[in-house]
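To start, the structure itself, in structure tokens.
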Number of protein chains: 2
Amino acid sequence: MTKKIQKRDAEASKRSIVLSAIKLFSTRGYAGTSMDELAKECGLNKAMIFYYFKNKKGLYEAVMEEILQEIYKAITQKISSSTSAEVQLETFIKTYGTFACSHPYLPALLLKELSDSGAVLPQQLFKSMRKLFGLFSDILRRGEKEGVFKKSMPMVLYFMVIGSLNLIVTTKPLRQKAAKLDDIELDTCSECEIEDISNYVTSNILLVLKPFYKE
Amino acid sequence: MTKKIQKRDAEASKRSIVLSAIKLFSTRGYAGTSMDELAKECGLNKAMIFYYFKNKKGLYEAVMEEILQEIYKAITQKISSSTSAEVQLETFIKTYGTFACSHPYLPALLLKELSDSGAVLPQQLFKSMRKLFGLFSDILRRGEKEGVFKKSMPMVLYFMVIGSLNLIVTTKPLRQKAAKLDDIELDTCSECEIEDISNYVTSNILLVLKPFYKE
DNA sequence: TATATAATTAACTAACTAGTTAATTAAAAG
DNA sequence: CTTTTAATTAACTAGTTAGTTAATTATATA
């Protein structure tokens, strides 16, 4: 039995709020996003936001939960098809890069949260961040046990990876603008594809982990 | 002739506003900082802020200008004492790390701004960012010409450096919290000194630029 | 000492903020 | 067809926001 088109659809309304919230939170930040504006953006009455999400913080929590789960799912899925630590690491970095690029709200929101050390959502961000870093860290540890990776500082390498990829995505408009004025010669990578950047980051990290690695 | 203690000192008032603004903007962000709160924080009447800085954006601009100039000065000073591209690069990274650690508002503000692609201050952030990146980029280019560095993607390497160092500083409280609960084994580098991290980042970048480099 | 100027203040405004409420609709269940 | 329940709305509140204004101090100068 096919669902008929309903005038009232709780799930659709809820989804619409989350989607608009992702857009606004990632561009204007938590404090910079107003619930009036959000209601206008998604075409629903403001009271609906509080009806479904209790308060602003609750909505923000739902938004962060959603996108962090999404990226985690995307990465674990791709990784599962391989057992080699090298390939898994490569897959991790490339999947993160591609996902970040096609969902640019992720880097914006993540950097904003991390630059606050989780001022809005300490507990929850903490758990999700930990989960993703745990994945990365496990790959390095396994590679080390198997003798294919050198001993390393996983936290620093992780930040080198997500730091660079996130910044590449969020600064894209800024870097393109920089490329237009040619007062000084400066390559801001304004035409680079995310695949090339992911590849470069991957080979750099592998170079660090495998001293005799050649790309 | 020594200046007597004055009840009215424009420079001191202005300075006091900027210092409090740095503190608040870096912890609460632009939108999250209120001018009433700032006035209370620095013990001056709110009207003084508008008297000296015209409006909120003007104050923010002054704050960003100040700290970006400070880090630029710190780095150029240290770098000037060497001519070798390798040593200059090492000095760049280490000075940035130490400065970021002892002025933790820098990473917080920079990451916030960069994650917006300069939503508040496109023009100015743009120029200051360019200047600092130009310094980094010049070192790589000179090293390349002199045959001591491989060809590289300076923008990506730059983001790997400042991305990791900034994140290490801003997430410190979060990582220390993570270290306390030991449900899963996970090294978050909570006890690491910034010197060790800067060293590690430096040797990683040098490894990328000089394939036969041994630390 | 008188005057001009710069620094400071309290009190104000108009717009905006997150969140509430009570009434109203639409759909599902009996 | 009626009743219950869930979804939606307009209108509201109480507090906060950036920014203004006119009056008032203090200081340097003539």
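None of these values were measured; they are calculated from a predicted model. Lettering follows sequence order; numbering is per chain, from 1.
Both the sub-6.0 Å distance and the 45° axial angle are satisfied by A:K131 relative to the ring of A:Y72.
Going from atom CG of A:L38 over to atom P of C:dC16 covers 17 Å, rounded to whole Å. Rounded to whole Å, the distance from NZ on B:K40 to C1' on D:dT17 is 14 Å. At whole-Å resolution of the value, NZ in B:K57 and P in D:dG19 are 11 Å apart. If you take CZ of A:F53 and P of D:dT8, they are 12 Å apart, rounded to a whole angstrom. For A:F50 and D:dA6, the CZ to P distance is 22 Å, given to the nearest whole Å. Between the C1' atom of C:dT24 and the CE atom of A:M48 lies a distance of 13 Å, rounded to the nearest Å. In this structure, the NZ atom of B:K14 is 12 Å from the P atom of C:dT8, given to the nearest Å. Atom CG in A:N55 sits about 17 Å away from atom P in C:dT17, given to the nearest Å.
With hydrogens and angles ignored, a donor-acceptor pair closer than 3.5 Å exists between the side chain of B:N45 and the base of C:dA10. Between the side chain of A:K56 and the base of C:dG19, no donor-acceptor pair of N or O atoms lies under 3.5 Å.
Across all strands shown, A:Y52 has heavy atoms under 4.0 Å from sugar-phosphate atoms exclusively, and none from any base. The residue B:A47 sits close to a base: some heavy atom pair falls under 4.0 Å. Nucleic acid contact for A:M35: sugar-phosphate only, since backbone atoms but no base atoms lie under 4.0 Å from a heavy atom of the residue.
Distance alone, capped at 3.5 Å, is enough to place a donor-acceptor pair between the A:K56 side chain and the A:T33 backbone.
Here B:S34 reaches the OP1 or OP2 of D:dT17: one of its side-chain N or O atoms lies under 4.0 Å away. Phosphate contact (OP1/OP2 of C:dA7, side-chain N/O of B:S13, threshold under 4.0 Å): absent.
Side chain of B:R8, nearest nucleotide from D:dA18, D:dT25, D:dT9: D:dT25. Out of C:dT8, D:dT8, C:dT17, the shortest distance to the side chain of A:D36 is found at C:dT17.
For the residue pair B:L114 and A:T170, the shortest heavy atom distance occurs at O-OG1, 3.2 Å.
A side-chain contact (heavy atoms from CB on, under 4.5 Å) with B:V156 holds for exactly one of A:L165, A:L167, A:I168; it is A:I168.
Using a 4.5 Å cut-off on side-chain heavy atoms (C-beta onward), B:E191 and B:R175 make no contact.
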